[in-house]
Number of protein chains: 4
Amino acid sequence: MSRPDVSTERRHQILDAAEKVFVRHGFAESTMEQIVEESHLSKGAIYWYFKGKDEIIGASLARMFERSLQDVADQLKSDRPIVERLMTVARCATDQIRNARQLAGVELEAYAMAARSPQMRRRASGYFNAYIDAFAKLIADGIEKGELHPVDPRKAAISGVALFEGLTLLWVVNPDLDFEEVLAHAAGLMLASLLRDAPRPNLFPVVRGDH
Amino acid sequence: MSRPDVSTERRHQILDAAEKVFVRHGFAESTMEQIVEESHLSKGAIYWYFKGKDEIIGASLARMFERSLQDVADQLKSDRPIVERLMTVARCATDQIRNARQLAGVELEAYAMAARSPQMRRRASGYFNAYIDAFAKLIADGIEKGELHPVDPRKAAISGVALFEGLTLLWVVNPDLDFEEVLAHAAGLMLASLLRDAPRPNLFPVVRGDH
Amino acid sequence: MSRPDVSTERRHQILDAAEKVFVRHGFAESTMEQIVEESHLSKGAIYWYFKGKDEIIGASLARMFERSLQDVADQLKSDRPIVERLMTVARCATDQIRNARQLAGVELEAYAMAARSPQMRRRASGYFNAYIDAFAKLIADGIEKGELHPVDPRKAAISGVALFEGLTLLWVVNPDLDFEEVLAHAAGLMLASLLRDAPRPNLFPVVRGDH
Amino acid sequence: MSRPDVSTERRHQILDAAEKVFVRHGFAESTMEQIVEESHLSKGAIYWYFKGKDEIIGASLARMFERSLQDVADQLKSDRPIVERLMTVARCATDQIRNARQLAGVELEAYAMAARSPQMRRRASGYFNAYIDAFAKLIADGIEKGELHPVDPRKAAISGVALFEGLTLLWVVNPDLDFEEVLAHAAGLMLASLLRDAPRPNLFPVVRGDH
DNA sequence: TATGAATGAGTATTCATTCAT
DNA sequence: TATGAATGAATACTCATTCAT
């Protein structure tokens, strides 16, 4: 009598469509009509699952943030040496951003919205804090194990996250920038003063020619 | 018989108003009506001086970028030791952002737009390149003078700008962040591996109690 | 094998719910969704028993009118003196309207609809005619028995019904109005010129202190 | 330099159009599109002069009420005998309603709305009170002059207004009703018990054959 | 019988832009 | 130059109704 529950599937179907539209047009310029088309559903169906455009934007961002956190946070819990783990995190984040290149612009718009909307600010800062916390734990670990200089782990984490976000920003504005190369250099600079030994770790030792 | 030329004054009057509105509502949500009110001019007057909303956004951003560049670029040409000049640049940028706190969000939205619009991308990357170039020259200078390690000046400059922009982003999202403190720490980390001597320069040595 | 017939029960369940919703929001602003909620049934069930919203409105009004007629018409057939019976009718109608205070607004909307829709007009005028006829018969009876002046019974009945409906209208618009007091006065004025004797019958002789 | 002020003219142009649409479709079923068409203006123009549909409804009703009051209240201040003045009022109201036959339905819908909306209630009861007050004054005048029995003027006025509104209601629902004839009869009944002398005033002595 | 997900035409409202004055 | 009334395309959202299960 009861049909299988398709609500989760539908919600993702809608968010997938919305994400594509947001990437192309930004939040403000995206229309429900476009989301309707892209989702191959009807207007009514969209509104059956979401209260309105704002809720779709919210859910879409939440999903992005979650995905972002998940992917990276996974890399933080391992037993290998700190440098290796930091490198892995960096590469993971890089891979992620390369694969979801388009989303970077959308996230930027979300941060711009955060400048005006307290609600958005709460959401986004929650995301960043989770990110920073995980990162700080990793650094604290490295300090404890004697691999890193005894710095304030949280501040160092903030520096790291800021560096990464800043590079992403530059890269969004100038896609010709070789993201990996620049990240390698920047991270190298920062790590050099954190590491007790190895003065110049190479984050991206394998030279690939595919970009 | 000819009235004095008020066009420059009027254009600034309009852009000043637009800037305020953009800060409050973002580009997309700002209306011409709001700009009209804030400028104490009429709709017709606005359209006399600007083709439309897009042109106002463009002109407004151009002015912001120019101001930004001016303020900081000035600091780059001096004869004092590199560290001092770097510190001055950092402080100058910090002051600037503290004074125009509101504009950070607007700029962020401009970068988000750049992700979609080639025109915007050109404009914004021009701005960043000018910034990076000036910064790179400063670093090259420092290397030449033997004050800095021989690194790729452009890459180092990018790292520096990225760090600054990333911190700004974090701070926009989380205004509770002590911008100066974190910038001092982050810049310290980066400078430490650039400088030949002083392992830990203090960017903000004077402790102020006003925040 | 055949389940008991629940259709009558269901129809009333739906109409009861609809009535509540109509009282709160009027016909036009009431939604099927609200009726669904209030009835604790499903959308499909509602549409199983009624063709659509219009049919529900129709059935709901029919039921209201019937109820109205039933209650009052009962009072018309008795053997007591005319004045007494008129007074009883008035009190009955008053009681009825006091108990279903909310419905007065709904009925008013129905009359407004009648101004535009011939179908509604037919329905509503049928209701009024039944009312007026019964009332006229009562008056004719009074005339025949020599209790009332020989007036046109139908016109007098119309006057009576109009007076009652008009007071209801005023009371809907101004609920602070003491319905009974005003009705007593108005009916008194009218009866005075109908009755052969008693110039000032008191319709509501019992003084209550509860309002 | 400044064009003539057309705002008053435009507002009336819009309200005239709205009134026609309201008469045809009622408030709820009337669309802005229809008002736009009927007014020969553009959507934007409508919204330039009115905030939205609700405001148009409000303004439209206000205008109706005002007109209604104006027309009738004028008749209340004269020096002729009370009966004559009452008759004049009745005829005036009748003429008015005959000329604006269509509006009766709209007013009914307004009263129905008043049942649900306190704001509407305030507006409508204000209208009725003004009406009743004027009427009461007339009656008090008659009593003072010894032309009428000493009754409570306000209650009598309410009775009169109720009678008139009730007849209008019946006539809206059943346009075949001879409004004047019935009003004459009903008013006669009521006046008979108010007047000290003339037992049966004829409100509409001139028999016209045009309806 | 009964469910509730899905449909899509319809609606109020906004807002960049124009243009007669 | 400057005004602000007027335009109308575009947009978010609603809701009666249908239909596969």
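Below, chain A is the first sequence line, B the second, and so on; all start at residue 1.
Rounded to a whole Å, the CD atom of E33(A) is 14 Å from the C1' atom of dA9(F). The CD1-P distance, from I35(D) to dG8(F), rounds to 18 Å in whole Å. What separates CD of E29(B) from C1' of dA16(E) is a distance of 14 Å, to the nearest Å. When the P atom of dT3(F) is taken as reference, atom CG of D5(D) falls 18 Å away, rounded to whole Å. E55(B) places its CD atom 15 Å from the P atom of dA16(E), with the value rounded to the nearest Å. Distance E37(A) CD to dA12(F) P: 12 Å, rounded to the nearest Å. If you measure from atom OH of Y49(B) to atom C1' of dA16(E), you get 20 Å, rounded to the nearest angstrom. In this entry the distance linking CD1 of I46(B) with C1' of dG4(F) reads 13 Å, nearest Å.
For F50(B) against R11(B), the heavy-atom pair with the smallest separation is CE2-NH2, 3.3 Å.
Each of D54(C) and G44(D) has a nearest nucleotide on DNA chain F; the 5'-most of these lies closest to G44(D). Of the residues near DNA chain E, A28(D) and S30(B), the one whose nearest nucleotide (by heavy atom distance) lies more toward the 5' end is A28(D). Mapping A45(A) and L41(C) onto DNA chain E via the closest heavy atom, the residue that lands nearer the 5' end is L41(C).
Heavy atoms of G52(C) sit under 4.0 angstrom from primed sugar atoms or phosphate atoms, though from no base atom. Nucleic acid contact class of Y47(C) (heavy atoms, under 4.0 Å, all strands): base. Note on F50(D): nothing from the nucleic acid sits closer than 4.0 angstrom, heavy atoms only.
Checked by atom type and distance alone, the side chain of K20(B) never pairs as donor or acceptor with a backbone atom of S39(B) at under 3.5 Å. Using a distance-only test at 3.5 Å, with no hydrogens or angles considered, a donor-acceptor pair links the side chain of E109(B) to the main chain of F27(B). Formation of a donor-acceptor pair under 3.5 Å by the S117(C) side chain with backbone atoms of M113(C) is not found in this model.
The base of dT17(F) is paired with the side chain of K43(C) by a donor and an acceptor separated by under 3.5 Å.
Comparing dT7(F), dT17(E), dA2(E) by their closest approach to the side chain of M32(B) singles out dT17(E). The side chain of S42(A) approaches dA6(E) more closely than any other nucleotide in the set dA2(E), dA12(F), dA6(E). Closest to the side chain of K53(C), out of dA16(E), dA16(F), dT11(E), is dA16(F).
Distance check, rounded to the nearest 0.5 Å: CZ of F65(D) to CZ of R123(D) gives 7.5 Å.
We find that E29(D) and R116(C) are not joined by a salt bridge, their nearest charged nitrogen and carboxylate oxygen being 4.0 Å or further apart.
Remark: W48(A) is in phosphate contact with dA5(E), judged by side-chain N or O atoms under 4.0 Å from OP1 or OP2. A close approach under 4.0 Å does not occur between any side-chain nitrogen or oxygen of R10(C) and OP1 or OP2 of dT1(E).
Using modelled atom types and a 3.5 Å distance limit, the side chains of R10(B) and Q13(B) yield a donor-acceptor pair.
In this structure, the ring of Y127(A) has its center no less than 6.0 angstrom from the ring center of Y111(A).
Counting only Watson-Crick and G-U wobble pairs whose two distances sit under 3.5 Å, DNA chain E takes part in these stems of three or more pairs: E:2-21 with F:2-21.
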